[in-house]
Q: 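Let me begin by handing over the structure; questions about it come next.
Count residues from 1 along the sequence.
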Amino acid sequence: MPGSPTLPQTSVSPTKRISALDALRGFALCGIIFINIPQTMGMFAYAGQLPEPLRVFFLGRFYPIFYLLFGVGFGIFLRSAAKRSDRPRLLLLRRFLALAVLGAVLHLLQPGEVLLPFAVTGLLVLLPLSYLPRRALLAVALVLILAGVLAGVGGLGLLPGLFALGFALAEMGVPEALDDHPGRLAVLGVVALAVCVLTFWLITLPPPDPAQIRLGMTLSLATACCYVAGFLLLLRTPVGPALSWVLAPMGRMALTNYFGAALLFVPIGTAIGLPGSKRWTAALLLGVGILLAQAVVSNLWLRRFGYGPLEWAWRCVTYWRLLPIGGAANAGEARGTA
């Protein structure tokens, strides 16, 4: 394609993935769908209308993980692209623009989807911040997270900060060292759990509405940290290989699976009468069914191809050239980028 940066023939060849990130991304997808279905189907207008298990353990708990991991993925991508091209930020710009188009299409089916906000945040926040040194980037990320909590505007208010934090962690090489510091993960989990207990207690007092909103966002972040630490530690146990076998392929195809879930649950949910209803069991079963189908399809697809279909198309647009989709021989080797 015209206008593309000069790339060596091997510049887009796959390298080793970070499997823990893939599995964690798949884990986040599993939690997100159980809120996306009732939200898109108009089954609740505010959090208090959700069944208590969904409200306590799912609402706002998995999207922060998704935000962070996409930031990590973009950071890994830019670092890798800098070795492949003399204009790595042009590649990242194309990546964001392609994501914006995909998000705009999905928004027609699922209002409130996150791909378009991801793209906008990437363009307005991550690209400018990518010029900062690593430590400055980390400091700005923490300030943005604090500002997002204090603003009290909901989950999307955390997106810039978590994107920037994930980007900073990638720049610092943290994802590659996940297996080296289980003690730090345990400390993160314990501290986050303590924050969860304290915040939950404060919410039950109850405080004024403005404080309650901000405490709720803090609880969401702390719970997400608990989930991340607990899940990554669980991957180190005897059940870890089985979890990774199921969830890592889903995470490698996160874009395809996120988009594909809406293509499934919107028409099926409408057909079975979910819009405006309180049929929580039916919504739960629909979510479980979609996740099971995605786990099977993702595993089978990646036995033959190196990338999910949308991941491959996204990659082609990023490099502005037609790239091979890969085969079984390199299916497990594409780096853990977004």
Q: Identify whether Leu284 and Phe27 are in the same connected component of the hydrophobic contact network (ILVMFWY, side-chain heavy atoms under 4.5 Å).
A: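 Yes; Phe27 is reachable from Leu284 via cluster members.
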
Q: Taking all non-hydrogen atoms of both residues, which atom of Ala254 and which atom of Leu29 are closest, and how far apart?
A: CA-CD1, 3.8 Å

Q: Shortest non-hydrogen contact from His181 to Ala177?
A: CD2-O, 3.7 Å

Q: Shared ILVMFWY cluster between Leu188 and Leu142, side chains joined below 4.5 angstrom?
A: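 Different clusters: Leu188 never reaches Leu142 through Ile, Leu, Val, Met, Phe, Trp or Tyr contacts under 4.5 Å.
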
Q: Can you give the donor-acceptor pairs under 3.5 Å from side chains of residues 215-231 to other protein atoms, not counting sequence neighbours?
A:
{"unit_1": "Thr218", "atom_1": "OG1", "unit_2": "Arg214", "atom_2": "O", "d": "2.9"}
{"unit_1": "Ser220", "atom_1": "OG", "unit_2": "Arg61", "atom_2": "NH1", "d": "2.9"}
{"unit_1": "Ser220", "atom_1": "OG", "unit_2": "Gly216", "atom_2": "O", "d": "3.2"}
{"unit_1": "Thr223", "atom_1": "OG1", "unit_2": "Leu219", "atom_2": "O", "d": "2.7"}
{"unit_1": "Tyr227", "atom_1": "OH", "unit_2": "Phe57", "atom_2": "O", "d": "2.8"}

Q: Evaluate the criterion ring-ring contact (aromatic ring centres under 6.0 Å, His included) for residue pair Phe163 and Phe167; output intermediate values, then yes/no.
A: CA-CA 6 Å; Phe163 249 34; Phe167 201 88; 9.0 Å; no

Q: Hey, any chance Leu115 and Val105 share a hydrophobic cluster, counting ILVMFWY side chains that come within less than 4.5 Å of each other, even indirectly?
A: yes

Q: Would you give the length of the straight line joining atom CG of Leu116 to atom CG of Leu106, rounded to the nearest 0.5 angstrom?
A: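 Here the rounded value is 9.5 Å.
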
Q: Side-chain heavy atoms nearer than 4.5 Å, only ILVMFWY residues, links allowed to pass through others: does that put Leu123 and Leu144 together?
A: yes

Q: So do Pro309 and Met253 actually touch side chain to side chain, heavy atoms under 4.5 Å?
A: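 Contact flag for Met253/Pro309 side chains = yes.
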
Q: Hey, are the side chains of Leu126 and Phe96 touching, using non-hydrogen atoms and a 4.5 Å cut-off?
A: yes

Q: Find out if a path of hydrophobic residues (ILVMFWY) with successive side-chain heavy-atom gaps under 4.5 Å connects Leu300 to Leu302.
A: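 Different clusters.
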
Q: Do Phe118 and Tyr67 have ring centroids that are under 6.0 Å from one another?
A: yes

Q: Would Leu21 and Leu178 count as a side chain to side chain contact (heavy atoms under 4.5 Å, CB included) if you check the C-alpha gap in whole Å, the side-chain angles of each, and the deciding distance to 0.1 Å?
A: CA-CA 9 Å; Leu21 290 186; Leu178 284 176; 4.0 Å; yes

Q: Could you go step by step and tell me if Phe62 and Phe58 meet the ring-ring contact (aromatic ring centres under 6.0 Å, His included) rule?
A: CA-CA 7 Å; Phe62 289 91; Phe58 288 84; 5.6 Å; yes

Q: Any chance you could measure Leu285, atom CG, to Arg279, atom CZ, to the nearest 0.5 Å?
A: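 Those atoms lie 10.0 Å apart.
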
Q: Could you walk me through whether Trp280 and Leu50 satisfy the side chain to side chain contact (heavy atoms under 4.5 Å, CB included) test, starting with their C-alpha distance in whole Å, then the side-chain angles of each, then the deciding distance to 0.1 Å, before giving a yes or no?
A: CA-CA 9 Å; Trp280 300 110; Leu50 281 167; 3.8 Å; yes

Q: Please tell me if the side chains of Phe259 and Glu113 come closer than 4.5 Å, counting only heavy atoms from C-beta onward.
A: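 Phe259 does not reach Glu113 side chain to side chain.
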
Q: For the CG atom of Leu169 and the CG atom of Leu162, what is their distance to the nearest 0.5 Å?
A: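 Here the interatomic distance stands at 10.0 Å.
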
Q: Between Cys30 and Met250, is there a side-chain heavy-atom distance shorter than 4.5 Å?
A: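 Yes, their side chains come closer than 4.5 Å.
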
Q: Going by distance alone, is a donor N or O of one side chain under 3.5 Å from an acceptor N or O of the other, for Tyr319 and Arg84?
A: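 Side chains of Tyr319 and Arg84: pair found under 3.5 Å.
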
Q: Side chains of Leu129 and Leu132: closer than 4.5 Å at any heavy-atom pair?
A: yes

Q: What distance do Met172 atom CE and Arg134 atom CZ have between them, rounded to the nearest 0.5 Å?
A: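 Result: 8.5 Å between the selected atoms.
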
Q: Considering only Ile, Leu, Val, Met, Phe, Trp and Tyr, and joining two whenever side-chain heavy atoms are under 4.5 Å apart, list the other residues clustered with Val297.
A: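 Hydrophobic cluster check, Val297: no partners found.
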
Q: Evaluate side chain to side chain contact (heavy atoms under 4.5 Å, CB included) for Leu99 paired with Leu255, printing each intermediate quantity in order.
A: CA-CA 10 Å; Leu99 190 64; Leu255 186 62; 4.0 Å; yes

Q: Start with the C-alpha gap between Leu97 and Val101, add the side-chain angles, then the distance that decides, and say whether side chain to side chain contact (heavy atoms under 4.5 Å, CB included) holds.
A: CA-CA 6 Å; Leu97 292 176; Val101 172; 5.9 Å; no

Q: Are any of the side-chain heavy atoms of Gln110 and Tyr258 separated by less than 4.5 Å?
A: yes

Q: Between atom CG of Leu127 and atom CZ of Phe74, what is the distance when rounded to the nearest 0.5 Å?
A: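 Between Leu127 CG and Phe74 CZ, I get 9.5 Å after rounding to 0.5 Å.
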
Q: Looking only at atom types and distance, does a side-chain atom of Trp312 sit under 3.5 Å from a main-chain N or O of Leu323, one as donor and one as acceptor?
A: yes

Q: Using the six-membered ring of Phe44, assess whether NZ or CZ of Arg55 lies under 6.0 Å from its centre and within 45 degrees of the ring axis.
A: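 Not satisfied by the 6.0 Å and 45° rule.
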
Q: Return the CG to CD1 distance between Leu78 and Ile76, rounded to the nearest 0.5 Å.
A: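 Rounded to the nearest 0.5 Å, the CG-CD1 separation comes to 11.5 Å.
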
Q: Going by atom type alone, with no hydrogens or angles, which donor-acceptor pairs under 3.5 Å involve a side-chain atom of residues 149-156 and a protein atom two or more places apart or on another chain?
A:
none

Q: Return all side-chain donor-acceptor pairs below 3.5 angstrom for residues 32-41, not counting sequence neighbours, or 'none' if the list is empty.
A:
{"unit_1": "Asn36", "atom_1": "OD1", "unit_2": "Tyr63", "atom_2": "OH", "d": "2.9"}
{"unit_1": "Asn36", "atom_1": "ND2", "unit_2": "Tyr63", "atom_2": "OH", "d": "3.1"}
{"unit_1": "Thr40", "atom_1": "OG1", "unit_2": "Asn36", "atom_2": "O", "d": "2.8"}

Q: Taking all non-hydrogen atoms of both residues, which atom of Ile272 and which atom of Ala282 are closest, and how far apart?
A: CD1-CB, 4.5 Å

Q: Do the side chains of Thr270 and Leu274 get nearer than 4.5 Å, heavy atoms only?
A: no

Q: Would you say the side chain of Cys316 lies within less than 4.5 Å of the side chain of Arg321, judging by non-hydrogen atoms?
A: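 Arg321 does not reach Cys316 side chain to side chain.
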
Q: Could I get the full list of side chain to side chain donor-acceptor pair (under 3.5 Å) partners for Thr256, not counting sequence neighbours?
A: Glu311

Q: Side-chain donor-acceptor pair under 3.5 Å between Arg95 and Thr318, yes or no?
A: yes

Q: Can you see which heavy atom on Tyr307 is nearest to which on Ile325, and at what distance?
A: CD1-O, 3.2 Å

Q: Using atom types as modelled, flag every donor-acceptor pair under 3.5 Å from a side chain in residues 233-240 to any protein atom, sequence neighbours excluded.
A:
{"unit_1": "Arg236", "atom_1": "NH1", "unit_2": "Asp179", "atom_2": "O", "d": "2.9"}
{"unit_1": "Thr237", "atom_1": "OG1", "unit_2": "Leu234", "atom_2": "O", "d": "2.6"}
{"unit_1": "Thr237", "atom_1": "OG1", "unit_2": "Val239", "atom_2": "N", "d": "3.4"}

Q: Would you name the heavy atoms of Ala170 and Pro175 that are closest together and state the gap between them?
A: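 Minimum heavy-atom contact is CA-CD, 3.9 Å.
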
Q: Which pair of heavy atoms, one from Ser298 and one from Asn257, lies closest together, and at what distance?
A: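 Heavy atoms only, the tightest pair is OG-ND2, 3.1 Å.
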
